[in-house]
K.L.:
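Have a look at this one.
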Amino acid sequence: MLSQRLQAVADLVGETGVVADVGTDHGYIPVFLVSSGKAERAIAMDVNVGPLTRAQEHIRQSGLGEQIESRLSDGLTALQPEEAQVIVIAGMGGALMARILADGRRVARTARRLILQPQSELYFFRRFLIEEGYRIVEEDMVFEDGKYYSMMAVEAVSSDVQTDTREMTEAELTYGPLLLARNHPVLQQYLLRQRGQKQKILDNLRKNARQDASKREMQITKELAVIEKIMEHDS
């Protein structure tokens, strides 16, 4: 059984022929997708031998050795263009995921869909995706073990329809355009928590009234204004 986070990632895959899982760790996603019939075959990849060995053992125990191949791979280096219809990259920092997609651009853009779950730097990562010519077609968000996780499905936009990729607003880059558009209930919880945390920080900064804190105070005030605008729009 998958964790709530991994289940949400797997749900974005849909049904496909071949799925490649980058940074597979225990191989949970490939095993789930193949055993449930959502994928015909899978390629489980990891940069480190330890996690890949764990994945191989899980694959063996699941009896799916003929349908799931494992590969030692730094990012997308061991994957060929058009070899996988769907590529999953989950559980890494946004900067690392951006590096993987940039280095493996030739491979990544041949996939029908990328399923991405960055653990951090989401503003930066969404901006990177737009600059790289991807559009976000689905988003989800879950709360598990005291943490919030956002995941998204993206598709490469061909050069003849570049008008489909538009500049996102500050709020969309920070919190996710489709999560905002759909008033996602978990995002609403997250916004409430963020508002409370940022207000506390702002109150402490104003209380201490340190001169070198003015820049930080301006930034927090700006972030709070974005949250307030979203919540005012949703009410």
Side-chain angles (χ1 to χ4, degrees), residues 3-9 11-12 89-99 101-102 113-155 157 162-235:
S3 67
Q4 193 177 353
R5 175 180 70 89
L6 291 182
Q7 186 63 60
V9 170
D11 287 345
L12 290 176
I89 312 177
M92 304 178 197
L96 175 57
M97 288 176 62
R99 193 269 293 171
L101 291 175
R113 173 174 280 204
L114 306 179
I115 310 302
L116 308 167
Q117 188 264 303
Q119 299 276 67
S120 61
E121 303 150 307
L122 272 77
Y123 180 101
F124 158 83
F125 188 68
R126 289 190 182 98
R127 189 175 62 189
F128 163 83
L129 289 174
I130 294 301
E131 290 170 352
E132 282 287 300
Y134 290 101
R135 61 181 169 191
I136 299 172
V137 295
E138 285 188 64
E139 282 188 301
D140 200 0
M141 190 174 193
V142 300
F143 178 69
E144 184 176 44
D145 296 333
K147 294 182 180 178
Y148 291 90
Y149 300 99
S150 294
M151 52 281 300
M152 62 197 80
V154 309
E155 296 174 359
V157 180
Q162 277 295 337
T163 52
D164 280 6
T165 59
R166 60 178 180 78
E167 199 63 39
M168 286 193 208
T169 66
E170 195 82 1
E172 288 173 331
L173 285 167
T174 305
Y175 300 109
L178 301 183
L179 294 176
L180 288 168
R182 295 166 187 169
N183 293 331
H184 196 288
V186 179
L187 175 62
Q188 298 307 309
Q189 295 171 20
Y190 178 69
L191 288 170
L192 279 170
R193 178 184 280 195
Q194 284 286 291
R195 182 173 68 174
Q197 290 176 343
K198 290 182 188 300
Q199 189 61 60
K200 274 187 181 179
I201 294 170
L202 189 59
D203 290 345
N204 287 332
L205 287 170
R206 286 172 174 169
K207 195 182 298 180
N208 295 331
R210 285 170 49 187
Q211 194 171 2
D212 59 353
S214 58
K215 189 174 180 181
R216 176 70 171 147
E217 186 177 327
M218 286 174 62
Q219 180 62 34
I220 296 295
T221 302
K222 181 182 175 184
E223 291 169 2
L224 265 172
V226 171
I227 293 173
E228 294 291 356
K229 187 175 180 181
I230 294 169
M231 299 186 79
E232 183 182 312
H233 178 267
D234 293 341
S235 60

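Only this structure's heavy atoms are used, side chains among them; waters, hydrogens and symmetry mates stay out.
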K.L.:
If I compare all heavy atoms of F125 with all of P118, which pair ends up nearest, and what's the gap?
P.N.:
CD2-CG, 3.7 Å
K.L.:
How many angstroms lie between atom CD of E121 and atom CG of L96, to the nearest 0.5 angstrom?
P.N.:
9.0 Å
K.L.:
Check F143 against V186 and note the closest heavy-atom contact, atom names and distance.
P.N.:
N-CG1, 4.0 Å
K.L.:
Dump the intermediate steps for side-chain contact (heavy atoms from CB on, under 4.5 Å) on L178 and I136, then the final yes or no.
P.N.:
CA-CA 8 Å; L178 301 183; I136 299 172; 4.1 Å; yes
K.L.:
Can you tell me how far apart OH (Y190) and CG (L179) are? Round to the nearest 0.5 Å.
P.N.:
11.0 Å
K.L.:
Q219 pairs by side chain to side chain donor-acceptor pair (under 3.5 Å) with which of E223, K222, R216?
P.N.:
E223
K.L.:
Roughly how far, to the nearest 0.5 Å, is CG of L202 from OG1 of T221?
P.N.:
4.5 Å
K.L.:
Pick out which of E172, E139, E131 makes a salt bridge (charged side-chain N to carboxylate O under 4.0 Å, His left out) with R126.
P.N.:
E139
K.L.:
Check this for me: does any side-chain nitrogen of one of K229 and E170 sit under 4.0 Å from a carboxylate oxygen of the other?
P.N.:
no
K.L.:
Taking side chain to side chain donor-acceptor pair (under 3.5 Å) as the definition, give me every residue that meets it alongside Q7, ordered by chain and number, with sequence neighbours left out.
P.N.:
D11
K.L.:
Might you point out which heavy atoms bring L191 and I227 nearest each other, and give the distance in Å?
P.N.:
O-CG2, 3.9 Å
K.L.:
Hey, could you give me the CD/CD1 distance between Q188 and I230, rounded to the nearest 0.5 Å?
P.N.:
8.5 Å
K.L.:
Whether the side chain of R195 engages the backbone of L224 through a donor-acceptor N/O pair (distance < 3.5 Å, no angle test) should be reported.
P.N.:
no
K.L.:
So which atom in R127 and which in L173 form the shortest heavy-atom distance, rounded to 0.1 Å?
P.N.:
N-CD2, 3.6 Å
K.L.:
What heavy-atom pair brings E217 and R206 nearest, and what distance separates the two atoms?
P.N.:
OE2-NE, 3.4 Å
K.L.:
Once side chain to side chain donor-acceptor pair (under 3.5 Å) is applied, do any residues pair with Q119, and if so which ones, sequence neighbours excluded?
P.N.:
Q117
K.L.:
Nearest 0.5 Å, what's the CZ-CE distance between R99 and M92?
P.N.:
9.0 Å
K.L.:
Do you know the tightest heavy-atom contact between V9 and I115?
P.N.:
O-CG2, 3.5 Å
K.L.:
Going by side-chain hydrogen bond (donor to acceptor under 3.5 Å, both in side chains), name the pairs with one or both residues in residues 140-150, residues two or more places apart or in two chains.
P.N.:
D140-H184
K.L.:
Distance from E167 atom CD to I130 atom CD1, nearest 0.5 Å?
P.N.:
7.5 Å
K.L.:
With sequence neighbours excluded, what pairs up with Q197 under the side chain to side chain contact (heavy atoms under 4.5 Å, CB included) test?
P.N.:
R193, Q194
K.L.:
Who pairs with E138 by side chain to side chain donor-acceptor pair (under 3.5 Å), at least two apart in sequence or on another chain?
P.N.:
R113
K.L.:
Give the intermediate values and the outcome of side-chain contact (heavy atoms from CB on, under 4.5 Å) for residues L101 and L129.
P.N.:
CA-CA 9 Å; L101 291 175; L129 289 174; 4.1 Å; yes
K.L.:
What residues form a side chain to side chain donor-acceptor pair (under 3.5 Å) with Q199, not counting sequence neighbours?
P.N.:
D203
